Engineer: 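Structure provided below as structure tokens; questions to follow.
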Protein chains: 2
Amino acid sequence: MPGGPHGRFGAGRGMGRGPAGPMFLQACLLVLLHKGKSYGYSLAQDLKQFGFDPARIDISIIYRALRGLEMQGLVETAWDENSLGPQRRMYEITPQGEAVLSAWMQNLHQRKLEIEALESVYDEVTNRHP
Amino acid sequence: MPGGPHGRFGAGRGMGRGPAGPMFLQACLLVLLHKGKSYGYSLAQDLKQFGFDPARIDISIIYRALRGLEMQGLVETAWDENSLGPQRRMYEITPQGEAVLSAWMQNLHQRKLEIEALESVYDEVTNRHP
DNA sequence: ATAACTATTGACATTTTGTCTATAGACAAT
DNA sequence: ATTGTCTATAGACAAAATGTCAATAGTTAT
């Protein structure tokens with residue numbers, strides 16, 4: 001990936017058969033909210049731990065992903081009454097979100113196994129002729 | 001992934017900045033050819049080890065991926081003079097293909113690490129409240 | 001003739017991702 | 001008042017991996 005930390009998995013019909021395809025970004029956001037409720041710009045910063053570069057990620061795609069999650073009922077939102085500065089919209093995962101996230105984690109785990117299978121075959125051949 | 005063994009990673013601008021994006025299918029095919037030269041229908045069968053279901057994968061997308069690899073100079077092809085049955089077009093990885101595959105493997109490895117990071121955070125929160 | 005095997009290509013469609021454009025408010029510092 | 005930081009968004013355009021479906025046609029063996 002010459003682009004670096006951008007672009008996890010991309011699109012395609014195979015990626016999501018239903019309306020709630022396992023977008024990597026949405027999965028990352030749900031995991032962060034699984035950890036605790038949060039708001040847009042904070043979530044964007046926290047994506048750092050999953051390889052995203054906060055300085056380079058476009059905030060509009062974060063909100064787009066959050067909007068998608070909300071429309072799917074996987075998160076619910078409310079205005080934070082306690083913030084001192086600019087208004088903050090808090091996002092919180094729903095029980096449905098938790099259930100879907102659990103399924104997504106399984107799928108991602110399967111993705112990982114498939115990568116490992118590929119690596120295994122590749123390394124096996126590569127190391128066979130040192 | 002409700003679709004099961006289909007659809008590895010999908011598309012998107014971030015997936016490939018250049019013309020040779022790291023398609024999972026192309027990577028799988030290159031690994032198989034890294035192992036030894038082969039032909040279309042055999043490759044399709046061999047994809048089984050990476051989670052693809054041979055009964056369900058459409059052969060046209062195999063040839064499309066192979067065509068892409070050939071156009072990128074990552075494989076070269078020649079008619080097999082020895083086959084008894086139908087004509088076979090043998091595909092063989094080029095040195096350039098080897099170099100690109102090596103880079104793709106690194107990228108896929110990075111993908112795996114990112115999934116692991118996600119799993120780590122998810123499990124940490126999940127197991128914290130048993 | 002039928003089946004298995006083999007070689008292809010292209011059109012249509014879907015979906016995640018990225019870039020860019022645009023708007024606007026709440027506070028704090030100058 | 002101006003500027004900066006922080007915060008909330010939405011939408012249009014574009015790219016690209018993936019899947020479905022349709023189509024063609026040859027080589028063997030049964």
Side-chain angles (χ1 to χ4, degrees), chain A residues 1-29 38-45 52-54 56-68 70-71 77-81 83-91, chain B residues 1-29 38-45 52-54 56-71 77-80 82-91 104:
Chain A
M1 320 277 180
H6 301 277
R8 312 286 118 192
F9 295 103
R13 294 163 64 127
M15 280 299 297
R17 293 295 175 121
M23 294 164 50
F24 189 72
L25 178 57
Q26 282 196 350
C28 290
L29 291 173
S38 187
Y39 62 95
Y41 278 80
S42 179
L43 288 167
Q45 287 294 317
F52 292 89
D53 179 352
R56 291 184 59 181
I57 195 157
D58 192 297
I59 194 65
S60 72
I61 68 168
I62 307 287
Y63 281 106
R64 180 167 62 190
L66 287 170
R67 186 163 70 243
E70 189 180 6
M71 288 195 294
T77 66
W79 291 110
D80 186 2
E81 313 279 2
S83 63
L84 192 57
Q87 57 181 343
R88 278 184 185 154
R89 190 131 193 114
M90 303 305 293
Y91 294 82
Chain B
M1 324 278 176
H6 302 280
R8 311 288 114 193
F9 295 105
R13 295 162 64 128
M15 281 299 297
R17 294 291 174 126
M23 292 164 51
F24 188 72
L25 179 56
Q26 281 197 353
C28 289
L29 292 172
S38 188
Y39 62 95
Y41 277 81
S42 179
L43 287 169
Q45 287 295 318
F52 291 89
D53 179 351
R56 291 184 58 180
I57 195 158
D58 191 297
I59 194 66
S60 71
I61 69 168
I62 307 287
Y63 282 104
R64 180 168 60 192
L66 287 170
R67 185 163 70 242
L69 290 173
E70 189 179 7
M71 289 195 292
T77 65
W79 291 110
D80 185 1
N82 294 335
S83 64
L84 191 57
Q87 57 181 342
R88 277 182 187 156
R89 188 130 194 116
M90 303 304 294
Y91 294 82
W104 286 357

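Just so it is clear: chains get the letters A, B, ... in the order the sequence lines come, proteins before strands, and each one is counted from 1. Keep in mind the model is a prediction, meaning the values are calculated, not measured.
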Engineer: Between dT5(D) atom P and Q45(A) atom CD, what is the distance in whole Å?
Structural biologist: 14 Å
Engineer: Side chains of M90(B) and W79(B): closer than 4.5 Å at any heavy-atom pair?
Structural biologist: no
Engineer: Mind calculating the distance between CG (L25(B)) and C1' (dA16(D)) to the nearest angstrom?
Structural biologist: 14 Å
Engineer: Between Y91(B) and dA7(C), does any side-chain N or O lie under 4.0 Å from OP1 or OP2?
Structural biologist: no
Engineer: What is the distance from OH of Y41(B) to C1' of dA25(D), rounded to the nearest Å?
Structural biologist: 11 Å
Engineer: Say you draw a straight line from CD1 of I61(A) to CD1 of I59(A); how long is it, rounded to the nearest 0.5 Å?
Structural biologist: 9.0 Å
Engineer: Any side-chain heavy-atom pair from T77(B) and L66(B) closer than 4.5 angstrom?
Structural biologist: no
Engineer: dT9(D) P sits how many Å from D80(A) CG, rounded?
Structural biologist: 13 Å
Engineer: Can you tell me how far P of dT19(C) sits from CD1 of I62(A), to the nearest Å?
Structural biologist: 12 Å
Engineer: Can you tell me if R89(A) touches the phosphate of dA8(D), counting only side-chain N or O atoms and a distance under 4.0 Å to OP1 or OP2?
Structural biologist: no
Engineer: Find the distance R56(B):CZ to dC21(D):C1' and express it as a whole number of Å.
Structural biologist: 15 Å
Engineer: Using a cut-off of strictly less than 4.0 Å, decide whether R67(A) has a side-chain nitrogen or oxygen near OP1 or OP2 of dT9(D).
Structural biologist: no
Engineer: It should be established whether Y63(B) places a side-chain nitrogen or oxygen under 4.0 Å from OP1 or OP2 of nucleotide dT9(C).
Structural biologist: no
Engineer: Both R88(B) and I59(A) contact DNA chain C. Which one's nearest nucleotide lies toward the 5' end?
Structural biologist: R88(B)
Engineer: In whole angstrom, give the distance that lies between atom CG of N82(B) and atom C1' of dT27(D).
Structural biologist: 16 Å
Engineer: Report yes if at least one side-chain N or O of Y39(B) is closer than 4.0 Å to OP1 or OP2 of dA7(C); otherwise report no.
Structural biologist: no
Engineer: Do the non-hydrogen side-chain atoms of Y41(A) and Y63(A) ever get within less than 4.5 Å of each other?
Structural biologist: yes
Engineer: How is L84(B) classified with respect to the nucleic acid when contacts are heavy atoms under 4.0 Å: base, sugar-phosphate, or nothing?
Structural biologist: sugar-phosphate
Engineer: By nearest nucleotide on DNA chain D, pick out whichever of R64(B) and I61(A) is the more 5' one.
Structural biologist: I61(A)
Engineer: Out of curiosity, E81(A) CD to R88(A) CZ, how far, rounded to the nearest 0.5 Å?
Structural biologist: 13.5 Å
Engineer: By nearest atom, which of the nucleotides dT6(C), dC21(D), dT9(D) is closest to the S60(B) side chain?
Structural biologist: dC21(D)
Engineer: Could you tell me the separation between the CZ atom of F24(A) and the C1' atom of dT16(C), rounded to a whole number of Å?
Structural biologist: 13 Å
